[in-house]
A.B. asks: 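First the structure, then my questions, so here it is.
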Amino acid sequence: MSFSDIDRKIAVIFATDVFGYSKHMEKDEDATLASLNDCNKIIEPLIKKQKGRIFNTGGDSVFAEFPSAVAAVNTAVEFQKQIKAHNDQDTTEVKLEYRIGINMGDVVKQGDSNLMGDGVNVAARLEALAQPGGITISKNVYDLVANKTKYEFNDLGIQKVKQNQFHAYDLLLDPSQKRKLKTQSSNTKIIALIGGAIAAVFVGLFFSGVLETETKLDSSKIVILPFKSLSETKKEKLLALGISQDLGSKLTKSSKSLNILNLKQSPKDLKQVSKSTNASYLVDGNIMQIDNMLRVKVDLIDGKSISNIWSETYDRDLTGKNIFKLQDEIIKQIINELVGAGAVLSKDINQKIATSSTDDISIYECINFARGAVTPSLNPKAIECLEKSISKDPNYADAWIWLADRKRAQYSSFSMTDEFKYMLEDASKEIDQGLILDPEHAFGYSAKLQIEFYNNNWQEMFNVSEKAYTLAGDRPHLLGKIGYSLAYGGICEKEDIFKSTEKFKTVKKNRCQFQRGCWKIGKKAYELDTGNYATWDNYLLAQCYQTSEEREKVIDVLEPLQHKKFVWWNLHLGLAYDSLEKFDIAKRHLDFVKIFLKDKHLSKIKFALRKQNQHLNTYPYITDILKKYGFED
């Protein structure tokens, strides 16, 4: 075939596929295929309706061409809306999420119906760049549809996926889809922006600065990644998570100059973790259990080059004592590496890092289960196994401390009544026993602070607050708890509330330390949590902005978290969007609250805020807003 025989044209290409399709297939092939068939029945008529044509399919992917950019975009929007509605149905067993990319470019006809070429390739790259449930389009499509539709777009700048580089835009179906990606820029573009004769003087200075300036990572900051289990058993996964969590706690104790951040979920991109947290080092690892033997592999990783600094494999008999000894051994080796690199000074090292331990591996497994018991169904099971643990080994501090904290949570987090208030009395005794066994337990002191808060034992809460704050160091999940207790603990009325911009005031005795708890400790926790890795533990700043009626700032704190099924996330965002007069978005969030509470009366919200000591400083100032959305006294 000669070049003149090639059938070329300009076409608008629509590409879509299912996010995480292979994992769905591995988990339940039949249900996934059934759901895929349902989704195909949605997309095919939508494409035909806009005079589009499907020219290629493969498994979960669909490629179509359209006569216009507007037609392709309208199809994409309607398809995502219908997929969401389909997934919201209780009868939908496997909920598939689609990504869509749309591009306009040069294509080549292959055979009777297929298309290929750059126009198709870029559409596929845009689809890979899109978020699950999202739509990403090229700039040439954006230029054609921006003024002809009422959709909102987010400029992602120049992006590069594999060998294709293009200017991309997200079509925002929801404000929560707004994101910021690193852009690809060229020297030519930078020079063009400077422009002109005068710029010639500055270009040299500018480029010398760029070439010499490099983001300096914090040599004292270490990110502990959740260790992976090489087995699929839940028991081994909890053991892996527990070992990595404990390593973080012990590293914090090992040196006052270290700033440790424990991740709760494995990231996809280690380089991005290092950049977002500014950490010089990452600790990763995996475990494998064979009968009564445990193999643990640990890697200390350079945050800049993402290369291994040190790696070691340990084989141990699977007993409680051996796990704790192994952790101490790993800590010492990591510290030795950091001292050698100059990241830690020898004089700052605490040689007494060993904590209380237990011989009984089942107790350690129970502690690991309790760490993840963050739902109403799991928490009672955690309490049950922790009760058994303190009977088996009454000298193990962690078992007492976690038992006290889970009983506190049963009252404060998993009940809208006083049904479990009796547990707070037990929790007070149990936390004190744990702190007798381990007087320097950072989590233990933050837990005691919360227990005394919910007991309304203000004097005791204030008495232990300073030690809790000192032991917490730079751990955002602990600082969030401490800041909350101080911000709202004590007598706390509207006169005690000050905006984030106001000068700090002297606090009267037995009154809440709102400014210190929110604007000092809360902001510190938020800033330390640079990668949004401790978010479940740190809603403090959003609550503070709500109470101080700086509601527009609530959105900046909460939107990145995407806790769509969490009632407080929806309540705070609903109130915030109302203040910005985005009433449709506010209604969606507040409707979720009503459905979750199974009640449109304000009594449950008032009761919950009374527990949190916000019934005088927050509740009276949100009721009128809530009534606008169908809540009743």
Side-chain angles (χ1 to χ4, degrees), residues 3 6-19 21 36 39-40 42-83 96-149 151 153-173 177 181 184:
F3 286 114
I6 296 175
D7 189 357
R8 293 182 179 275
K9 65 177 180 178
I10 300 295
V12 178
I13 304 298
F14 171 110
T16 186
D17 79 348
V18 176
F19 178 74
Y21 181 70
L36 181 67
C39 295
N40 286 338
I42 294 172
I43 195 170
E44 289 169 5
L46 288 176
I47 290 172
K48 288 181 180 177
K49 183 179 178 181
Q50 294 286 347
K51 297 182 172 55
R53 178 184 72 89
I54 295 174
F55 63 83
N56 201 344
T57 61
D60 60 314
S61 63
V62 174
F63 287 84
E65 67 167 327
F66 283 86
S68 78
V70 172
V73 167
N74 285 338
T75 301
V77 171
E78 186 59 31
F79 177 58
Q80 292 290 27
K81 285 181 178 178
Q82 290 195 29
I83 289 296
L96 302 180
E97 290 185 291
Y98 281 78
R99 300 175 298 185
I100 299 174
I102 302 174
N103 177 50
M104 185 177 73
D106 187 71
V107 297
V108 176
K109 189 174 180 181
Q110 183 187 45
D112 293 333
S113 59
N114 196 23
L115 300 175
M116 56 188 296
D118 282 347
V120 178
N121 292 339
V122 172
R125 302 296 179 247
L126 287 160
E127 172 266 304
L129 187 67
Q131 303 170 84
I135 302 165
T136 302
I137 65 176
S138 61
K139 187 177 185 300
N140 54 15
V141 173
Y142 168 82
D143 290 339
L144 290 170
V145 303
N147 294 324
K148 297 175 184 176
T149 63
Y151 304 127
F153 298 91
N154 179 38
D155 189 349
L156 300 177
I158 303 296
Q159 298 294 322
K160 185 175 183 180
V161 182
K162 295 187 177 180
Q163 300 306 310
N164 296 102
Q165 186 166 298
F166 43 77
H167 193 145
Y169 289 78
D170 276 343
L171 189 156
L172 301 181
L173 298 168
Q177 291 182 329
L181 300 181
Q184 298 284 331

A.B. asks: For a side chain to side chain contact (heavy atoms under 4.5 Å, CB included) check, start with the C-alpha distance between Leu96 and Ile83, then their side-chain angles and the critical distance, and finish with the verdict.
C.D. replies: CA-CA 8 Å; Leu96 302 180; Ile83 289 296; 5.9 Å; no
A.B. asks: From Gln159 CD over to Thr136 OG1, what is the distance, rounded to the nearest 0.5 angstrom?
C.D. replies: 9.0 Å
A.B. asks: Could you tell me which residues satisfy salt bridge (Lys or Arg N to Asp or Glu O under 4.0 Å) with Asp106, sequence neighbours excluded, listed by chain and number?
C.D. replies: Arg8
A.B. asks: Testing Ile102, Ile137, Asn74 one by one against Val145 for a side chain to side chain contact (heavy atoms under 4.5 Å, CB included), which residue passes?
C.D. replies: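 Answer after filtering Ile102, Ile137, Asn74: Ile137.
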A.B. asks: Does Asp170 use its side chain to pair, donor to acceptor, with the backbone of Leu172 at less than 3.5 Å?
C.D. replies: no
A.B. asks: Can you name the residues that form a side chain to side chain contact (heavy atoms under 4.5 Å, CB included) with Ala15, not counting sequence neighbours?
C.D. replies: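 Testing Ala15 for side chain to side chain contact (heavy atoms under 4.5 Å, CB included), a comparison that skips the adjacent residues, returns Phe63, Ala123, Glu127.
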A.B. asks: Kindly compute the distance separating CD1 (Ile135) from OH (Tyr98), expressed to the nearest 0.5 Å.
C.D. replies: 14.0 Å
A.B. asks: What's the shortest heavy-atom distance between Phe79 and Cys39, and which atoms?
C.D. replies: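 Looking at all heavy atoms of both residues, the closest pair is CE1-O, 3.9 Å.
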A.B. asks: List for me each residue that meets side chain to side chain contact (heavy atoms under 4.5 Å, CB included) alongside Leu144, sequence neighbours excluded, and say none if there are none.
C.D. replies: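 Counting only residues at least two positions away or on another chain, Leu144 forms a side chain to side chain contact (heavy atoms under 4.5 Å, CB included) with Ala69, Met104.
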A.B. asks: If you measure from CG on Asp118 to CZ on Phe166, what distance do you get to the nearest 0.5 Å?
C.D. replies: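 Result: 12.0 Å between the selected atoms.
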A.B. asks: Anything under 30° is parallel, anything over 60° is perpendicular, the rest tilted; go ahead and classify Tyr151 against Phe153.
C.D. replies: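 Ring orientation of Tyr151 relative to Phe153: perpendicular.
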A.B. asks: So, using salt bridge (Lys or Arg N to Asp or Glu O under 4.0 Å) as the criterion, who are the partners of Lys9 when residues are at least two apart?
C.D. replies: Glu65
A.B. asks: Restricting to non-hydrogen atoms, name the atom on Ile158 and the atom on His167 that form the minimum distance, rounded to 0.1 Å.
C.D. replies: CD1-CB, 3.8 Å
A.B. asks: Mind checking the CD1-CD1 spacing from Ile43 to Ile54? Nearest 0.5 Å is all I need.
C.D. replies: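 Ile43 atom CD1 to Ile54 atom CD1 measures 6.5 Å (nearest 0.5 Å).
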A.B. asks: Grab the two heavy atoms, one from Phe55 and one from Ala64, that are nearest each other, plus how far apart they are.
C.D. replies: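 Phe55 and Ala64 have their closest heavy atoms at CE2-C, 3.5 Å.
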A.B. asks: At what distance, to the nearest 0.5 angstrom, does CD of Glu78 lie from CD1 of Ile42?
C.D. replies: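 Answer rounded to 0.5 Å: 10.0 Å.
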A.B. asks: Measure the CG-CD1 distance between Asn56 and Ile13 for me, rounded to the nearest 0.5 Å.
C.D. replies: 10.5 Å
A.B. asks: For Val141 and Leu126, what are the C-alpha separation, side-chain angles and deciding distance, and is it a side chain to side chain contact (heavy atoms under 4.5 Å, CB included)?
C.D. replies: CA-CA 12 Å; Val141 173; Leu126 287 160; over 6 Å; no
A.B. asks: Compare every heavy atom of Val12 with every heavy atom of Ser68, then report the nearest pair and how far apart it is.
C.D. replies: C-CG2, 3.9 Å
A.B. asks: Sequence neighbours left out, what passes side-chain hydrogen bond (donor to acceptor under 3.5 Å, both in side chains) with Gln80? Give chain and number order.
C.D. replies: none
A.B. asks: In sequence, state the C-alpha distance, the side-chain angles, and the governing distance for Phe14 and Val73, and then conclude on side chain to side chain contact (heavy atoms under 4.5 Å, CB included).
C.D. replies: CA-CA 9 Å; Phe14 171 110; Val73 167; over 6 Å; no
A.B. asks: Of all residues at least two apart in sequence or in a different chain, which pass the side chain to side chain contact (heavy atoms under 4.5 Å, CB included) check with Pro67?
C.D. replies: Lys51
A.B. asks: Starting from the C-alpha separation in whole Å, work towards a yes-or-no answer on side chain to side chain contact (heavy atoms under 4.5 Å, CB included) for Asn103 and Asn140.
C.D. replies: CA-CA 7 Å; Asn103 177 50; Asn140 54 15; 3.7 Å; yes
